[in-house]
Colleague: 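Dropping a structure here in structure tokens format, bear with me for questions.
Any value given below was found using the heavy atoms of this structure, including those in side chains, with hydrogens, waters and symmetry copies removed. The shown structure was predicted, so the numbers you read here are calculated from the model rather than taken from an experiment. Order of the sequence lines sets the chain letters (A, B, ...), proteins ahead of strands, with each chain counted from 1.
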2 protein chains.
Amino acid sequence: MYTRTEENYLKAIYSLSKKEGKDVSTNSIADRLDTKASSITDMIKKLSAKKLVSYTKYKGVNLTKKGEKIAVEIIRNHRLWEVFLVDKLQFKWDEVHELAEQLEHVKSEKLINNLEAFLGFPKFDPHGDPIPDRLGVLPKREESKTLDEMLEDEKGVIVGVKNSEIEFLQFLEEHDLTLGKTITVQKRFSFDSSKVIGLNGESITLSEQVCKNIILKTS
Amino acid sequence: MYTRTEENYLKAIYSLSKKEGKDVSTNSIADRLDTKASSITDMIKKLSAKKLVSYTKYKGVNLTKKGEKIAVEIIRNHRLWEVFLVDKLQFKWDEVHELAEQLEHVKSEKLINNLEAFLGFPKFDPHGDPIPDRLGVLPKREESKTLDEMLEDEKGVIVGVKNSEIEFLQFLEEHDLTLGKTITVQKRFSFDSSKVIGLNGESITLSEQVCKNIILKTS
DNA sequence: CTTTATTTTTAGATTAATCTAAAAATATTA
DNA sequence: TAATATTTTTAGATTAATCTAAAAATAAAG
Ligand SMILES: [Mn+2]
Ligand SMILES: [Mn+2]
Ligand SMILES: [Mn+2]
Ligand SMILES: [Mn+2]
């Protein structure tokens with residue numbers, strides 16, 4: 001139906017428009033996909049001709065309903081494959097993203113629906129990101145906040161991360177800061193917004209940067 | 001490492017040279033891949049430059065050790081994915097080939113090795129074809145013959161098919177002629193080489209064409 | 001051993017996705 | 001607002017994979 005490249009553009013535009021709200025700029029897509037702005041302009045014209053994005057020169061793009069539907073489908077594929085790799089094939093959460101980037105483009109509705117059933121209809125992927133159902137509806141997470149927003153003595157369970165880069169995930173893994181772990185804020189230093197937290201009976205110091213990227217459910 | 005197209009050419013050359021013995025001709029590859037002969041010549045030059053095939057103009061091609069290694073790797077991927085689809089995701093044996101054609105190109109040694117372990121190190125795919133191990137070694141099947149070669153009153157267990165086209169597989173499925181079934185040759189008609197066989201206590205007539213494409217282990 | 005038929009290769013085009021360099025539009029700042 | 005900087009688009013090339021049509025090589029028939 002659509003080429004792998006087209007799908008990757010749609011996915012990039014989708015997540016950029018979620019993150020930045022407004023129209024998505026040529027340069028931001030170029031950054032995200034690690035290509036040149038001129039290539040983006042070309043592809044945008046193609047996507048626009050196919051009614052997958054709405055585009056006005058110099059003003060940026062937005063996904064149409066049609067374009068968004070495809071983007072969400074690919075995201076669904078991506079996240080279900082990540083669950084498969086972690087739950088069934090013994091992969092760690094920092095090893096699955098690149099592979100899922102390949103697997104997400106395999107074309108078969110039956111495959112992905114059967115895979116979903118095989119995995120027990122998971123609602124979140126190994127990084128805590130929501131998995132769209134077959135209609136494209138994203139599950140809502142219960143009330144949650146970032147560790148950065150938590151106060152001293154507050155307690156919470158890790159339910160997701162905002163950054164899925166390998167180095168960050170490995171850092172968390174090494175400190176046993178994985179999904180489902182319960183932590184308590186022991187101290188907050190106002191001069192740099194770093195925190196000391198309690199985990200497994202031990203204390204760890206975490207930078208503001210780290211705290212901003214951990215999502216918790218506070219009871 | 002190699003493009004999807006290159007991999008498909010190598011796979012085609014591999015199976016054609018197994019089937020036909022001698023040098024593989026440009027036209028036979030074109031037929032197999034449903035492309036024009038001129039495209040084949042172009043690609044062969046590319047593969048030759050990469051030392052994946054040995055090629056002399058007008059004389060056809062053969063895989064080098066390097067080329068064969070890649071072809072066998074892709075076949076390993078293909079067959080393991082087929083097992084996954086049938087054993088874990090409820091696919092029928094006539095539904096998996098096209099999907100496996102996509103999945104076989106996903107690049108990750110760890111993925112395929114973990115998948116193999118997850119599946120319990122299967123030796124044959126859903127069509128009875130041998131699955132190369134991680135070193136590229138193909139398991140040997142026990143003594144077997146085609147139904148066409150069997151004599152009256154001879155008994156055997158279906159262990160594979162020589163033709164994996166959807167229509168043929170569906171035909172077999174409808175008659176419950178699936179892997180593992182035991183059948184007995186009840187009668188052979190010499191005028192057209194058709195046979196009446198016994199299966200599940202019933203009798204079925206099968207054409208020579210069909211008999212030539214069913215592989216059995218005779219006790 | 002010629003002539004004819006078939007197969008294979010070459011030449012030249014096309015399409016998708018990318019790039020560099022330059023031009024045009026928009027945004028910033030003095 | 002005018003000058004400057006940044007962003008975006010256009011123009012022209014490149015690479016991979018394919019095609020059609022024509023030329024060259026090989027094989028088959030007479
Ligand atoms: Mn991912
Ligand atoms: Mn994820
Ligand atoms: Mn197959
Ligand atoms: Mn098979």
Side-chain angles (χ1 to χ4, degrees), chain A residues 1-14 16-17 19-63 67 70-71 74 101-102 104-105 107, chain B residues 1-14 16-17 19-63 67 70-71 74 101-102 104-105 107:
Chain A
M1 200 66 166
Y2 300 101
T3 68
R4 173 173 300 221
T5 310
E6 287 170 339
E7 290 178 349
N8 283 333
Y9 272 77
L10 294 174
K11 203 161 52 111
I13 296 168
Y14 178 88
L16 289 169
S17 80
K19 202 173 62 179
E20 296 169 8
K22 51 184 182 294
D23 296 325
V24 178
S25 73
T26 302
N27 267 350
S28 64
I29 304 172
D31 275 7
R32 169 65 66 103
L33 295 179
D34 208 38
T35 49
K36 301 295 169 177
S38 54
S39 308
I40 306 296
T41 304
D42 278 352
M43 179 58 79
I44 281 174
K45 285 178 186 166
K46 222 174 84 181
L47 297 176
S48 183
K50 295 186 181 184
K51 310 277 186 206
L52 296 167
V53 301
S54 60
Y55 167 59
T56 15
K57 265 192 195 174
Y58 295 102
K59 301 284 180 179
V61 281
N62 271 295
L63 294 182
I70 295 162
I74 304 298
E101 290 286 315
Q102 294 185 59
E104 70 187 8
H105 300 289
K107 259 101 197 145
Chain B
M1 198 67 165
Y2 299 101
T3 68
R4 172 173 300 224
T5 310
E6 287 170 338
E7 290 178 350
N8 284 333
Y9 271 76
L10 295 173
K11 203 161 53 110
I13 296 167
Y14 179 87
L16 288 169
S17 80
K19 200 174 63 179
E20 296 169 9
K22 51 186 182 288
D23 296 325
V24 179
S25 74
T26 302
N27 267 350
S28 64
I29 304 172
D31 275 8
R32 169 65 66 101
L33 295 178
D34 208 38
T35 49
K36 301 294 171 179
S38 54
S39 308
I40 306 297
T41 304
D42 278 352
M43 180 57 79
I44 281 174
K45 284 178 184 165
K46 224 174 82 180
L47 296 176
S48 182
K50 294 187 181 184
K51 309 278 185 204
L52 296 167
V53 300
S54 61
Y55 167 58
T56 15
K57 266 193 196 174
Y58 296 101
K59 300 284 180 178
V61 281
N62 272 294
L63 294 182
I70 295 162
I74 305 298
E101 290 286 313
Q102 294 183 59
E104 70 187 9
H105 300 289
K107 257 105 200 141

Colleague: Could I get the full list of side chain to side chain contact (heavy atoms under 4.5 Å, CB included) partners for A/Glu6, not counting sequence neighbours?
Modeller: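 Scan of A/Glu6 (side chain to side chain contact (heavy atoms under 4.5 Å, CB included), adjacent residues dropped) gives A/Tyr2, A/Thr3, A/Met43, A/Lys46, A/Leu47, A/Lys50.
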Colleague: Only one of B/Leu52, B/Thr56, B/Val53 passes side-chain contact (heavy atoms from CB on, under 4.5 Å) with B/Val61; say which it is.
Modeller: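 Passing option: B/Val53.
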Colleague: How long is the span from the CD atom in B/Glu104 to the CD atom in B/Glu7, to the nearest 0.5 Å?
Modeller: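 Nearest 0.5 Å value for the CD-CD distance: 7.5 Å.
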Colleague: Measure from CG on A/Asp42 to P on D/dA11 and round the result to the nearest Å.
Modeller: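 Atom CG in A/Asp42 sits about 11 Å away from atom P in D/dA11.
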Colleague: Considering only heavy atoms from C-beta outward, does the side chain of B/Asn8 approach that of B/Ile74 to under 4.5 Å?
Modeller: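 No. Closest side-chain heavy atoms not under 4.5 Å.
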Colleague: Rounded to whole Å, how long is the line connecting atom CE of A/Met43 with atom P of C/dT15?
Modeller: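 About 16 Å, once rounded to whole Å.
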Colleague: Return the value, rounded to whole Å, for the distance between atom OH of A/Tyr2 and atom P of C/dT15.
Modeller: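 A/Tyr2 atom OH is separated from C/dT15 atom P by 20 Å.
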Colleague: Tell me whether the OP1 or OP2 atom of D/dT18 has a side-chain N or O from B/Tyr9 closer than 4.0 Å.
Modeller: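 B/Tyr9 to D/dT18 OP1/OP2: side-chain N or O found under 4.0 Å.
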Colleague: Go nucleotide by nucleotide along DNA chain C from the 5' end; which of B/Ser39 and A/Ser39 gets its closest nucleotide reached first?
Modeller: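 Mapping each residue to its closest nucleotide by heavy atoms, the 5'-most match is B/Ser39.
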Colleague: One character per nucleotide, please: for nucleotides 1-9 of chain D, 5' to 3', B when the base has a protein heavy atom closer than 4.0 Å, S when only the sugar-phosphate does, - otherwise.
Modeller: ------SBB
Colleague: Where is the tightest heavy-atom contact between A/Tyr9 and A/Ser39, given as atom of each residue plus distance?
Modeller: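 Looking at all heavy atoms of both residues, the shortest contact is OH-O, 3.8 Å.
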Colleague: Is a side-chain donor or acceptor of A/Lys107 paired with a backbone partner of A/His105 at a separation under 3.5 angstrom?
Modeller: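 Yes.
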Colleague: Nearest whole angstrom, please: distance from the P of D/dT20 to the NZ of B/Lys36.
Modeller: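 Atom-to-atom, B/Lys36 to D/dT20, this comes out as 5 Å.
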